[in-house]
Chemist: 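Below: one structure in structure tokens.
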Amino acid sequence: MQIAPFEIKVERPFIIGNAAPVIAALVLLVAACAFPRNTNAQAAGFHDAPPAASKTKNPLAGNADAAQAGANLYAKKCALCHGDKGQGVGNIPAVAKNPTQAATDGAIFWFITKGAVDNGMPAWASLPENQRWQIVTYIKTLGSGKSPAPSAKASADADSGPPAGGPAPTAPFTDYRFEKPGATRKITVADLPQPYATSSAGNSPKVVPRPADAWPKVPAGFSVQQFATGLKNPRLIRTAPNGDIFLVEAKAGEIKVFRGITAEGKPQQMETFATHLDDPYGLSFYPPGPDPQWIYVGNETSVVRLPYQNGDLKARGAAQKIVDLPGPGGHWTRDVIFSPNGKKMFVAVGSGSNLDDPDTHPSEKNRADILEFNPDGSRIRIYAYGIRNAGGGIAFDPQTGELWCSVNERDGLGDNLVPDYITHVQDGGFYGWPWWYMGGNQDPRLKGKHPELKDKVITPDVLLQPHNASLQFAFYTGKQFPAEYQGDIFASEHGSWNKASRAGYEVIRVPLHQTGQASGDYEDFVTGFVLDNGKVWGRPVGMAVASDGSLLFTDDGSNSIWRVVYTGK
Ligand code: HEC
């Protein structure tokens, strides 16, 4: 498929709320920062809490014993999803920050009582009122930096992890106990269960240090080396035209560069290329080809570029802003990539929520889309839409010139809905979010909305295990692996919280059969990051092919980069 035509279309395939790209561009430029993650919170108080509830006084406010009891309850009931210090996990919001810290005690009490069940936040009405106020009292200490620590017993209870046993999953669905290098998988629309066939799980990974005897597992003939470790939240990686490896350390706001590979499989040189970026994730060299002049970086709310020439180990100058992006809040990763001819820039912007209807939530405008721009940031166009979050990875297939993406689908409908996916992307294509999902299935939480879109929903090329949290991928263009791997996709599956028994936490191979076309099959390629007790030590994120044909992937569980080599043994 040609990526052309590159002229701007004057209309979108249908109206989501912003009708024309011109308006879209204005909304984006003028109001990118005007929509907080939760517009309701701004317009009508915290999560639409009624005024009377917001004004209710916390009978335990400031009471140290209550805060201690709240810390113990929080460790057992809330930490799994919101993080042990309330810092947030994945796209589950922080409670140690705004908007929760700015909300009144009464509003927080009201919200946790009711929950937001459709979005994966349980209702806590079953906890005695006194305990709910204890939790609120504790949460309010999190903003101050002077919070009581939970008791050892409460932490131990919270630490027990999910059960390792349980019934085996029903094929084609699987979990970590059955993930094995070389195992093949195929999920079709006909395999999908009904919504709520199982309940919505709260099973955030407990990340533990890698035990001495744990190591990534690969198919026969391959072996794995630890390329680098001690990194700061390593996320996306891309190989520069000269073979240097660029790594985005997202939460540190830094970019590192690695040069050369020693006989032991370590980098010969490592430098910090840039610092003080603002939640960076995406990174691409521009123009495409052998002689780039810039490195473009996808920050959470902007695309910026740094001057670069082959061989640079430090940015030649300060970051220049190219364009504002929607956000902050919700999905924050923004991969950036250029069309092979360098004429267009593509930016994947995930949704701000699990399922907020863009018709009624202006904060979802220009989100859950792949956006197209000129490389100077002008002329925004929505290239494809209804893609809940492709921010973890987009890339052009060097063989066919087609744009592909790796997508995190929605939560809250049960263990085996909705499959994540990897697919080539059609210009103007609609992939369902939030009203529909693959196979013309309507999301029961938005019943009756947009019937005219039912037949437009594209079924993606490769359906993955639901809640895999599929992130960056790379096309294998190296010469080291056997010929059958030429052109195949390798993708990192980060794993997520919304499945009772873990799936993901692996690297997969999507064979393209030397044709550039997927058949829907994929294979487990690197596994072994989940321990028998369900605790997790590694979480793959980024993926790149090194210039020697080895495969590099990042892991923000052990803060490492791993290198897969083919030895033939
Ligand atoms: C199964 C995972 C899960 C558990 C367990 C959980 N939460 Fe949540 N919580 C969420 C999700 C998901 C949201 C976002 C909901 C939304 O945006 O509508 C959320 C939102 C919130 C918010 C609003 C934050 C914001 O920025 O809007 C508060 C406050 C909160 N939770 C408190 C708690 C407390 C207190 C507990 C324990 C009693 C708890 N949560 C347990 C998943 C969870």
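In listed order, ligands and their atoms are each counted from 1.
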Chemist: Who passes side chain to side chain donor-acceptor pair (under 3.5 Å) against N408, sequence neighbours left out?
Modeler: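 Per chain and number, N408 pairs via side chain to side chain donor-acceptor pair (under 3.5 Å) with no residue.
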Chemist: Under 4.0 Å from a heavy atom of W124: give me the atoms of ligand 1 that qualify, with their elements.
Modeler: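 Reading through ligand 1 atom by atom, the close ones are 5 (C), 36 (C), 37 (C), 38 (C), 39 (C), 41 (C).
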Chemist: Measuring from the heavy atoms of R132, does anything fall under 4.0 Å of ligand 1?
Modeler: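 The answer is no, since R132 has no heavy atom less than 4.0 Å from ligand 1.
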Chemist: Scan for salt bridge (charged side-chain N to carboxylate O under 4.0 Å, His left out) pairs involving residues 133-148, sequence neighbours excluded, and state none if there are none.
Modeler: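 For residues 133-148: D105-K140.
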Chemist: So, 4.0 Å and heavy atoms of Y74: is ligand 1 close enough to count as a contact?
Modeler: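 Checking ligand 1 against Y74, which is what was asked, there is no heavy-atom contact under 4.0 Å.
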Chemist: Specify which N/O/S atom of H82 comes nearest to atom 8 (Fe) of ligand 1, by atom name.
Modeler: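 Among the N, O or S atoms of H82, the one closest to atom 8 (Fe) of ligand 1 is NE2.
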Chemist: Do you see a donor-acceptor pair shorter than 3.5 Å between the side chains of N416 and T198?
Modeler: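 The criterion, which ignores hydrogens and geometry beyond distance, is not satisfied for T198 and N416.
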Chemist: Provide the number and element of each atom of ligand 1 under 4.0 Å from a heavy atom of P99.
Modeler: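 Per the distance check, 26 (O).
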Chemist: Answer with yes or no whether the side chains of S501 and D175 bring together a donor and an acceptor at under 3.5 Å.
Modeler: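 Their side chains do contain a donor-acceptor pair, which is all the 3.5 Å distance test asks for.
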Chemist: Which part of A116 is near ligand 1, with near meaning a heavy atom under 4.0 Å away: side chain, backbone, both or neither?
Modeler: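 For A116, the contact with ligand 1 is made by the side chain alone.
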Chemist: Check each atom of ligand 1 against the heavy atoms of F46 and keep those under 4.0 Å away; list them by number with element.
Modeler: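 Under 4.0 Å from F46, ligand 1 has these atoms: 23 (C).
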Chemist: Could you tell me which atoms of ligand 1, counted from 1 in the order shown, lie closer than 4.0 angstrom to a heavy atom of G202?
Modeler: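 Checking each atom against G202, I get 1 (C).
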Chemist: Run the numbers for me: atoms of ligand 1, each under 4.0 Å from some heavy atom of I112, listed by number.
Modeler: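 Near I112, meaning under 4.0 Å from one of its heavy atoms, ligand 1 has 32 (C), 35 (C).
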Chemist: For I92, counting its heavy atoms only, list the atoms of ligand 1 lying under 4.0 Å from any of them.
Modeler: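 Answer for ligand 1: 10 (C), 11 (C), 42 (C).
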Chemist: At under 4.0 Å between heavy atoms, is it the side chain or the backbone of F111 that contacts ligand 1, or both, or neither?
Modeler: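 Contact part for F111 vs ligand 1: side chain (C-beta onward).
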Chemist: Could you tell me whether F111 and F46 have their ring centroids closer than 6.0 angstrom?
Modeler: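 For F111 and F46, the ring centres are under 6.0 Å apart.
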Chemist: Could you tell me whether ligand 1 has any atom less than 4.0 Å away from a heavy atom of P122?
Modeler: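 Contact check P122 vs ligand 1: positive.
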Chemist: Can you confirm whether the side chains of S351 and D356 place a donor and an acceptor under 3.5 Å from each other?
Modeler: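 Checked: S351/D356 side chains show no N/O donor-acceptor pair below 3.5 Å.
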Chemist: What about K77: any of its N or O atoms under 3.5 Å from an N or O on ligand 1?
Modeler: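 No; the residue has no nitrogen or oxygen that sits under 3.5 Å from a nitrogen or oxygen of the ligand.
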Chemist: Considering the heavy atoms of H47, write down every atom of ligand 1 situated less than 4.0 Å from one of them.
Modeler: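 Listed by number with element: 23 (C), 25 (C), 27 (O).
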Chemist: Side-chain donor-acceptor pair under 3.5 Å between E254 and T275, yes or no?
Modeler: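 Absent: no donor and acceptor within the cut-off.
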Chemist: Mind checking whether I139 has a heavy atom under 4.0 Å from ligand 1?
Modeler: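 Flag set, I139 near ligand 1.
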Chemist: Could you check whether any side-chain N or O of Q442 sits under 3.5 Å from a backbone N or O of L446, counting only pairs where one atom can act as donor and the other as acceptor?
Modeler: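 Confirmed, Q442 side chain pairs with L446 backbone.
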Chemist: Heavy atoms only: which of T113, I135, N498 is nearest to atom 35 (C) of ligand 1?
Modeler: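 Shortest heavy-atom distance from atom 35 (C) of ligand 1: I135.
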Chemist: Just by distance, do the side chain of W436 and the backbone of P434 share a donor-acceptor pair under 3.5 Å?
Modeler: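 Side chain of W436 to backbone of P434, a donor-acceptor pair under 3.5 Å: no, none is there.
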Chemist: In plain terms, say whether K251 and D279 are close enough for a salt bridge, that is, a side-chain N and a carboxylate O under 4.0 Å apart.
Modeler: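 Yes, charged N to carboxylate O under 4.0 Å.
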